[in-house]
A.B. asks: 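Got a structure here, written out as structure tokens. Questions coming.
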Amino acid sequence: MFGKRGNDDGNRSTPAFRPPVTAPSPAGPSADTLVAPRPAATTPAPAMAQRRPVEATPSFAPEPKKVQRERSESYYDTKSQVFSALIDTIDLSQLAKLDPDSAREEIRDIVNDIIAIKNFAMSIAEQEELLEDICNDVLGYGPLEPLLARDEIADIMVNGAKNVYIEVNGKVEQTSIRFRDNQQLLNICQRIVSQVGRRVDESSPICDARLPDGSRVNVIAPPLSIDGTALTIRKFKKDKLTLDQLVKFGAISQHGAEVLKIIGRVRCNIIISGGTGSGKTTLLNCLTNYIDREERVITCEDSAELQLQQPHVVRLETRPANLEGEGEVTMRDLVKNCLRMRPERIIVGEVRGPEVFDLLQAMNTGHDGSMGTIHSNSPRECLNRIEAMIAMGGYTLPQKTVREIVVGSVDIIIQAARLRDGSRRITHITEVVGMEGDVIITQDLVLYNIKGEDQNGRLIGQHVSTGIGRPHFWDRARYYGEESRLATALEAMEKSTD
Ligand SMILES: Nc1ncnc2c1ncn2[C@@H]1O[C@H](COP(=O)(O)OP(=O)(O)O)[C@@H](O)[C@H]1O
Ligand SMILES: [Mg+2]
């Protein structure tokens, strides 16, 4: 019964990715997105591999009517001519054997020759741009490359060939980036997913994958996605935000951060709740900084994102089924296995299904200080979600028993939210304190109060203490010798106006 996959909401996706197996890229993973190993050469788009002249490579022909804003038709025309000359000259299967840098050099040399021989009138800058463009098409992720290279972008969302959105600083904006057509877009998606040994086409139109730099990718192709392939990339941030940075951004106040540090340090069991992209994983990563270096920590994730600084860490990752539908390892498998690995704390990147029960078990059987994130919009909803996820595991326990288990396991729920102005804030630090009859009782320690809006549409608010001087976890704080620090932080919060 536990083998059944959770399917509670639209958010559920095939978890995780596995390391490249069937289609290893030539030079192994690299953090540099621009020259990251490209599977392109190993899985060239069919049209390109056959070395046909330009009319046989429609995906590189210009689209006269729908031209990118800043590029003229003649640019595409030139590019298309250079491109067809290039594939006449070069043997793509030979190119496949080169490492990405050498392949780039090779293409660069030939393209320069072609431009010289055919006598195209171009400035050096135009020539450089063309070169870059062609290299990206042949070796890389085409029009996505400039977006992948920008570190400040958090998400890239492609809705068919002509609509590309990005999220920067919490705001979603449209870019002028276009794919030539849906075929080019699908080819690039294919390149991405083939790196993790998967494929995407009409017969398997949904696919999760990962870029070599750790960015998470989801592809959903037609016919499921009606207006062309939809590609979503959650970019991997190499430098994770720290709690101090979150304070600087106003995600939490100075004193609120102090409370969080204590909560992490004194081994409260924590659930971080929040919507997609609200900053759950970032926050989880921050909290792990306050774990003692001596503790043995095991992390379970769909795709390794956490960056723990402690030396004694075992990192585990789930695995989707392969093309034959075999070999899947679920989050639940991992969490269960974890319990046999003598962990002191268990950290689950994203709790989505019945593994919640195993995590709760861990929390109340001596693995204090375990943590996980759950997709929900308030601490109360988070508790409901936990109950629902336990039911997904097939347990038919009385509701009251389930709630008692939850109360006995979870100490703190931290709510993260992305507000309407794009800012990300911690909106609640809430304690789970007990039961009254059949109802779980919680109390908020810290809340974010929105007071209004400035002239730029940015929300003005403040983190406030709810005036609880002695939180439920007071005894625990005292046990770790942190009670006076806790009292000071809560008191300061009550007085402060930041
Ligand atoms: N407080 C914050 N201020 C600004 N950016 C943030 C903040 N918290 C998270 N981010 C950024 O938002 C993006 C999504 O965060 P993430 O933690 O992955 O969200 P989630 O796990 O909830 O989907 C990341 O790029 C992250 O760096
Ligand atoms: Mg996350």
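In each ligand, atom 1 is the first atom listed, and ligand 1 is the first ligand listed. Treat the numbers as computed from the prediction; the structure is a model and nothing was measured. Along the sequence shown, the residues carry numbers beginning at 1.
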A.B. asks: Show the numbers, then the answer: is there a side chain to side chain donor-acceptor pair (under 3.5 Å) between H375 and T276?
C.D. replies: CA-CA 7 Å; H375 194 285; T276 309; 2.8 Å; yes
A.B. asks: Thinking salt bridges, do E305 and K240 make one under a 4.0 Å N-O criterion?
C.D. replies: no
A.B. asks: Any protein N or O within less than 3.5 Å of an N or O in ligand 1? List each pair with its distance, or say none.
C.D. replies:
residue  : atom   : partner : partner atom : Å
ligand 1 : 12 (O) : R424    : NE           : 3.3
ligand 1 : 12 (O) : R424    : NH1          : 3.3
ligand 1 : 12 (O) : R424    : NH2          : 3.3
ligand 1 : 17 (O) : T281    : N            : 3.3
ligand 1 : 17 (O) : T282    : N            : 2.8
ligand 1 : 17 (O) : T282    : OG1          : 2.5
ligand 1 : 18 (O) : R234    : NH1          : 3.2
ligand 1 : 19 (O) : G279    : N            : 3.2
ligand 1 : 21 (O) : T281    : N            : 3.0
ligand 1 : 21 (O) : T281    : OG1          : 2.6
ligand 1 : 22 (O) : S278    : N            : 3.2
ligand 1 : 22 (O) : G279    : N            : 3.1
ligand 1 : 22 (O) : K280    : N            : 2.8
ligand 1 : 22 (O) : K280    : NZ           : 3.0
ligand 1 : 23 (O) : R234    : NH1          : 3.1
ligand 1 : 23 (O) : G277    : N            : 2.8
ligand 1 : 25 (O) : K237    : NZ           : 3.4
ligand 1 : 27 (O) : K237    : NZ           : 3.4

A.B. asks: Verify the distance criterion only: is there a donor paired with an acceptor across the side chains of T318 and D302 at less than 3.5 Å?
C.D. replies: yes
A.B. asks: Compare every heavy atom of V247 with every heavy atom of S253, then report the nearest pair and how far apart it is.
C.D. replies: O-CG2, 4.0 Å
A.B. asks: Hey, mind stepping through S409 and N269 against side chain to side chain donor-acceptor pair (under 3.5 Å) and telling me if it holds?
C.D. replies: CA-CA 7 Å; S409 318; N269 289 316; over 6 Å; no
A.B. asks: Do S278 side-chain atoms and R418 backbone N/O form a donor-acceptor pair below 3.5 Å?
C.D. replies: no
A.B. asks: Verify whether one side chain among R265 and Y290 offers a donor that lies under 3.5 Å from an acceptor in the other.
C.D. replies: no
A.B. asks: Please list, in chain and residue-number order, the protein N/O/S atoms closer than 2.8 Å to the Mg ion (ligand 2).
C.D. replies: T281 OG1
A.B. asks: Does a donor on one side chain and an acceptor on the other come within less than 3.5 Å for T232 and N218?
C.D. replies: no
A.B. asks: Give a yes or no on whether a salt bridge exists between R485 and E258, defined as a side-chain N under 4.0 angstrom from a carboxylate O.
C.D. replies: yes
